[in-house]
Participant: 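Structure in structure tokens, see below.
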Protein chains: 2
Amino acid sequence: MPYDPSAFPPFAVTVDLVVLTVRRHALCALAVRRGEPPFQGRWALPGGFVRADEDLAQAAARELAEETGLRVHDPSVPAQDHGAHLEQLATYGDPKRDPRMRVVSVAHLALAPDLPAPRAGGDASNARWAPVEELLQQGGYGRDTEPVAPLAFDHAQILADGVERARSKIEYSSLATAFCPPEFTVGELRRVYEAVWGVALDPRNFHRKVTGTPGFLVPTGGTTTRQGGRPAQLFRAGGATLLNPPMLRPEV
Amino acid sequence: MPYDPSAFPPFAVTVDLVVLTVRRHALCALAVRRGEPPFQGRWALPGGFVRADEDLAQAAARELAEETGLRVHDPSVPAQDHGAHLEQLATYGDPKRDPRMRVVSVAHLALAPDLPAPRAGGDASNARWAPVEELLQQGGYGRDTEPVAPLAFDHAQILADGVERARSKIEYSSLATAFCPPEFTVGELRRVYEAVWGVALDPRNFHRKVTGTPGFLVPTGGTTTRQGGRPAQLFRAGGATLLNPPMLRPEV
DNA sequence: AGTGCTTATCGTCAGGCAGACGACTATGAT
DNA sequence: ATCATAGTCGTCTGCCTGACGATAAGCACT
């Protein structure tokens, strides 16, 4: 069968981003306000079309930089100590997910430390960090007792999948450190787990677990007192990327 | 910005399938021989274009049925006791992955019990089950001391990702039962783990683990002796889909 | 300076689970 | 009858976790 362009239907391919961070003890996602139909005025995940000469990961990294200014952390650059974690999440291709045309969206998951105010192409009022609980509740009320419309398209599903991926992945990997600044304390790391999982963890057992896992944390020698209380040792993420045995998420 | 078809480049979207099964104590994948360029005559993963009105999962299920005759197991049909497991794996979209045009492929992972001879549109010589080791070794020799060409396109990467997904997912889920017939013994299930992981497991500890996990296995009352030796109890997969604590994969 | 509050860090103890492995059972093959 | 094969039940030891007591070292008061 020779190459026949009419043998397959054309698709538009986009990348959508679930960008997560931890702010004020809550897991938050980046949302942008749609300026055009469909779903005009509603909140959505950031994203855009994949360009003709671009890999999917490149497109996701480009969109992430455009929306947040974040560079993606590249393991091949050892000196580069900052930058977000970015990974492919899943692909969504329901024929009716975009009323305009057939769009297949390759969703990506990005994890970032707490950032300054977001920018969406320079317009701050059209982008915000919102607690994922608030974005996922359908037709409820947000923090300001302001009615919240569901996310545009199937973005609520994408966000839920991204949050679930993050929740499960910090169990068995060092991914939680992606939410932390380059140097952090055990308590700050514990608060990341608590925010992402929405549970309280025993500080003593947590401390034993993370400091007792070889290669997970590397002490930098410094201490800090930015949390109040007794000064805490500062750490950097160690080379170990897998956590074995995993951190156990408490039952329910 | 109004809707402008020229604002985004057109893509072809395909689904590719990593269909895994366990045959003769080895993890095998379904491969089909390409009948046309590019990569004519080389082995590849089964797959095809997504149709205009089709969801991605529907397209994958359709391709799976066309290649193997397998129906996908639908949890909403309780009486249906056979059928493959099918899940989305990842999406591959390098601009040069197909020399003809820009193709984004949404790979899916399917797990099936040992099947009769494969069929590829009725032509058996163009489809086969091959041990994944054989398909993944680059330019080596297969079981018949016959030189093996690498898989077409980026299918070696896709297969490797699918195998890795299967290997890790049987740790913490009941997915290994998808490789078994509807009724199976503890030993048969253990041989699945051994084939997928490529290790030997202690039969006594394995038996204790799987029979001691509530809801994982349900005895059917019958016994069988198809493996030789003492007759073994027959089980069906229980309702538990998550295995907690997980089955531990031995080190290295 | 002292008191109280906060957070960090170290220790102890009991229970659960996994790895190693012995022992016994029930079939088919010779 | 004996052996080979596979299945099933126990035992023991070590590791890890959850629960929680105790101490350390800062800050904000008075």
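Chain letters run A, B, ... following the sequence lines, proteins first and then strands; every chain starts at 1. Not measured: the values here are computed from a predicted model.
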Participant: Let me know the distance between CZ of Arg190(A) and C1' of dA8(C), rounded to the nearest Å.
Facilitator: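 Taking CZ of Arg190(A) and C1' of dA8(C), I get 9 Å after rounding.
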Participant: When the side chains of residues 171-180 of chain B are checked against the rest of the protein, which donor-acceptor pairs come out under 3.5 Å, sequence neighbours left out?
Facilitator:
from	atom 1	to	atom 2	distance (Å)
Glu171(B)	OE2	Arg249(B)	NE	3.1
Glu171(B)	OE2	Arg249(B)	NH2	2.9
Ser173(B)	OG	Lys169(B)	O	2.7
Ser173(B)	OG	Leu175(B)	N	3.1
Ser174(B)	OG	Ala240(B)	O	3.4
Thr177(B)	OG1	Ser174(B)	O	2.6

Participant: Output yes when at least one side-chain N/O atom of Lys209(B) is less than 4.0 Å from OP1 or OP2 of dC17(C), else no.
Facilitator: no
Participant: Hey, are His85(B) and Glu87(B) close enough side-chain-wise for a donor-acceptor pair under 3.5 Å?
Facilitator: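 Checked: Glu87(B)/His85(B) side chains pair up, N/O donor to acceptor below 3.5 Å.
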Participant: In whole angstroms, how far is the C1' atom of dG7(D) from the CZ atom of Phe184(B)?
Facilitator: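 After rounding, the reported distance stands at 16 Å.
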Participant: Quick one: which of dA18(C), dT9(C), dT17(D) gets closest to the side chain of Pro245(B)?
Facilitator: dA18(C)
Participant: Going by the side-chain contact (heavy atoms from CB on, under 4.5 Å) test, name the single residue among Val18(B), Leu89(B), Leu20(B) that passes it with Arg165(B).
Facilitator: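 Among Val18(B), Leu89(B), Leu20(B), the one that satisfies the side-chain contact (heavy atoms from CB on, under 4.5 Å) with Arg165(B) is Leu89(B).
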Participant: How many Å lie between CG on Leu243(A) and P on dC16(D), as a whole number?
Facilitator: 12 Å
Participant: Report the distance from atom CZ of Arg226(B) to atom C1' of dA26(C), rounded to the nearest whole Å.
Facilitator: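 Roughly 17 Å, once rounded to whole Å.
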Participant: Between dG28(C), dT8(D), dT9(C), which nucleotide gets closest to the side-chain atoms of Val186(B)?
Facilitator: dT8(D)
Participant: Give a yes-or-no answer on whether the side chains of Tyr92(B) and Asp16(B) include a donor-acceptor pair shorter than 3.5 Å.
Facilitator: no
Participant: What integer distance in Å separates Met247(B):CE from dG19(C):C1'?
Facilitator: 14 Å
Participant: Output the single nucleotide from dC9(D), dG19(C), dA8(C) whose closest atom is nearest the side chain of Asn205(B).
Facilitator: dG19(C)
Participant: Please tell me which of Phe235(A) and Gly228(B) maps to the more 5' nucleotide of DNA chain C, matching each residue to the nucleotide holding its nearest heavy atom.
Facilitator: Phe235(A)
Participant: Taking atom types as they are modelled, would you say the side chain of Arg208(A) forms a donor-acceptor pair with the base of dG18(D) within the 3.5 Å cutoff?
Facilitator: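 Donor-acceptor pair under 3.5 Å: yes.
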Participant: Side chain of Pro203(B) only, heavy atoms from C-beta on: which candidate in dA25(D), dT8(D), dG28(C) is closest?
Facilitator: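 Looking only at heavy atoms from C-beta outward on Pro203(B), the closest nucleotide is dT8(D).
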Participant: Once you round it to whole Å, what is the distance between P of dA19(D) and CZ of Phe206(A)?
Facilitator: 16 Å
Participant: So Phe235(B) and Phe184(B), ring-ring contact (aromatic ring centres under 6.0 Å, His included) or not? Walk me through it.
Facilitator: CA-CA 5 Å; Phe235(B) 295 88; Phe184(B) 54 89; 7.2 Å; no
Participant: Taking the side chain of Arg191(B) as its heavy atoms from C-beta onward, which of dT8(D), dA8(C), dG7(D) lies nearest to it?
Facilitator: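 Among dT8(D), dA8(C), dG7(D), the one nearest the side chain of Arg191(B) is dG7(D).
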Participant: Side chain of Arg230(A), base of dA8(C): donor and acceptor closer than 3.5 Å?
Facilitator: yes
Participant: Whole Å only: how far is the CG atom of Leu201(B) from the C1' atom of dA20(C)?
Facilitator: 14 Å
Participant: Both Ala232(B) and Pro231(A) contact DNA chain D. Which one's nearest nucleotide lies toward the 5' end?
Facilitator: Ala232(B)
Participant: His207(A) side chain N/O closer than 4.0 Å to the phosphate oxygens (OP1, OP2) of dA8(C)?
Facilitator: no
Participant: Just N and O in the side chain of Arg204(B): are any of them under 4.0 Å from OP1 or OP2 of dC12(D)?
Facilitator: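 Arg204(B) to dC12(D) OP1/OP2: no side-chain N or O under 4.0 Å.
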Participant: Could you give the CG-to-P distance, from Asp202(A) to dG21(D), as a whole number of Å?
Facilitator: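 So the CG-P distance, Asp202(A) to dG21(D), works out to 11 Å.
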